[in-house]
Amino acid sequence: MINQSMQPNREPGRWTPTHRPPAGPLPELVSRSLAMRRICEQLQQVGPRVRLALIEGETGTGKHLLARHIQLRHASPGMLVAEEAASLFLPETGATGEPRPEPLRAAVRRAADGVLLIRNIDELTAEAQVQLLRYVRSFETALSEKQSPLNSPAQVICTSRKSLRSQVLAASFLPEIYYRLSAVSFSLPALRDRKEDIPALAQVFIDTASREQQRPFQGLGPGSLPVLLRHTWPGNVRELESVIRAACLSGEGQWLRPIDLVILPLEPAANKDSGPALPENYTLDGVIRRHILVVLKACDGNKARAAAKLGISRSTLYRMLESDIAMPMQAPELKQGEPLGAPSISHHD
């Protein structure tokens, strides 16, 4: 018989478990895109049997959240303990030759009957990879012999920001670790490859921020969604959440406007020398201040007209000019024909 408490919400595009893990309410996996729907189907099929797994994906794609969903499907009652791989697998001895502390053993005890999440194993040195392989072997041996040692995790999940298969082909990662972990593996797509999920993700973050901040936001206003869809999101879902939270803090009314969505551009490292240097004050507050000064200058200092063009009230404009973010800054010269709309800026988490 199927446990009804473990059945997902069948609303199209969202996978929301009704059972909650011990750590508290679990955010949903938004799955309107084909790639995420496949991950949710895979999770539903293999989740209850997962004991050892690999999750690959760029920074900010949601590897920790997926690990919690894997724990949920397995219904392991303990905690999810997340540790950086490099902090668990240290050289056997220190500079003085004395044995190092055993952080792995401590993490294993904390994750008893729960999940040990070993993050970023792609960053391990060759010596540390050998230690990881030794631990994975011992964990698998205990499973095959149906042992239940005290203070042992029910599940071990490793994450990688890079493709381990590519690392193996480049001879920078032990093949045996990859073969053992890839039996059950999940590959989370970058947000730029699942833009169909952006509207639903944005709404989830708006709802969450509205509750936490006690603000009355209902969703994205006219023109806001295209702003989100144009961005490439190098920081992935985490960056989108940060942008929405910031917008809810500074926005007014019930709908987030394009001007509320401050997204700062960061050029790829390979192109750093190909474009103009960034202004020294390129913080979020600095960019907001700079844009306000541009509009004020174009309006000949008329604050009422500037507030109207910015889409904010005059009192909000005064407050922003008089706040701590109002650092002295020269307003840039407007080129002929340059629009007064919000600058094309992007933010990397």
Side-chain angles (χ1 to χ4, degrees), residues 9 11-18 20 23-32 36 60 62 65 191 194-231 233 235-264 283-292 295-296 303-326 340-349:
N9 183 349
E11 178 186 349
R14 295 189 181 184
W15 196 93
T16 311
T18 55
R20 299 300 186 187
L26 185 58
E28 63 189 14
L29 290 173
V30 172
S31 56
R32 298 187 186 278
M36 286 303 298
L65 176 61
L191 186 56
R194 49 176 292 211
K195 288 195 172 183
E196 308 96 308
D197 293 330
I198 287 180
L201 284 167
Q203 189 62 54
V204 169
F205 297 144
I206 289 172
D207 294 342
T208 301
S210 296
R211 288 194 302 269
E212 293 177 353
Q213 302 172 16
Q214 297 184 349
R215 304 293 302 278
F217 288 106
Q218 301 296 317
L220 296 172
S224 294
L225 181 57
V227 173
L228 300 181
L229 294 178
R230 283 196 299 267
H231 188 45
W233 301 108
N236 293 294
V237 179
R238 187 179 303 162
E239 181 187 359
L240 174 62
E241 180 180 15
S242 176
V243 168
I244 295 297
R245 285 181 175 273
C248 289
L249 278 172
S250 61
E252 297 178 339
Q254 295 186 345
W255 305 95
L256 294 184
R257 303 157 301 173
I259 195 172
D260 299 322
L261 303 170
V262 181
I263 308 175
L264 305 180
T283 63
L284 174 60
D285 290 343
V287 170
I288 294 173
R289 169 67 173 169
R290 184 172 181 265
H291 183 59
I292 289 174
V295 177
L296 267 175
K303 293 184 176 61
R305 287 171 51 203
K309 287 186 176 294
L310 289 167
I312 59 178
S313 66
R314 194 187 310 179
S315 60
T316 298
L317 177 61
Y318 285 132
R319 186 170 66 251
M320 296 176 74
L321 290 172
E322 295 171 358
S323 66
D324 292 337
I325 72 168
L340 288 178
S344 176
I345 48 184
S346 68
H347 171 70
H348 174 56
D349 184 19

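Quick note: residue numbers are just sequence positions, from 1.
- Residues Asn236 and Leu191 approach most closely at OD1-N, 2.9 Å, considering heavy atoms.
- Between Arg194 and Val237 the shortest side-chain heavy-atom distance falls below 4.5 Å.
- When atom types are taken as modelled, the side chain of Arg215 and the backbone of Gly251 share a donor-acceptor pair closer than 3.5 angstrom.
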Only distances under 3.5 Å count here; give the side-chain donor-acceptor pairs of residues 216-230 to other protein atoms, sequence neighbours excluded, each with its distance to 0.1 Å.
{"residue": "Gln218", "atom": "NE2", "partner": "Pro216", "partner atom": "O", "Å": "3.4"}
{"residue": "Ser224", "atom": "OG", "partner": "Gly221", "partner atom": "O", "Å": "3.4"}
{"residue": "Ser224", "atom": "OG", "partner": "Leu256", "partner atom": "O", "Å": "2.6"}

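- Remark: Leu65 CG to Glu28 CD distance equals 9.5 Å, nearest 0.5 Å.
- The main-chain N or O of Val204 is never found under 3.5 Å from a side-chain atom of Asp207 such that the two would form a donor-acceptor pair.
- Shown here are the side chain to side chain donor-acceptor pair (under 3.5 Å) partners of Glu241, two or more places apart in sequence or in another chain: Arg245.
- Pairing each heavy atom of Val243 with each of Val262, the nearest pair is CG2-O, 4.1 Å.
- Taking Glu252 as the reference, Thr316 meet the side chain to side chain donor-acceptor pair (under 3.5 Å) condition, with sequence neighbours excluded.
- With rounding to the nearest 0.5 angstrom, the CZ atom of Arg211 is 11.0 Å from the SG atom of Cys248.
- Distance CD1/Ile244 to CG/Leu249: 11.5 Å, rounded to 0.5 Å.
- No donor-acceptor pair under 3.5 Å is formed between the side chain of Ser242 and the backbone N or O of Arg238.
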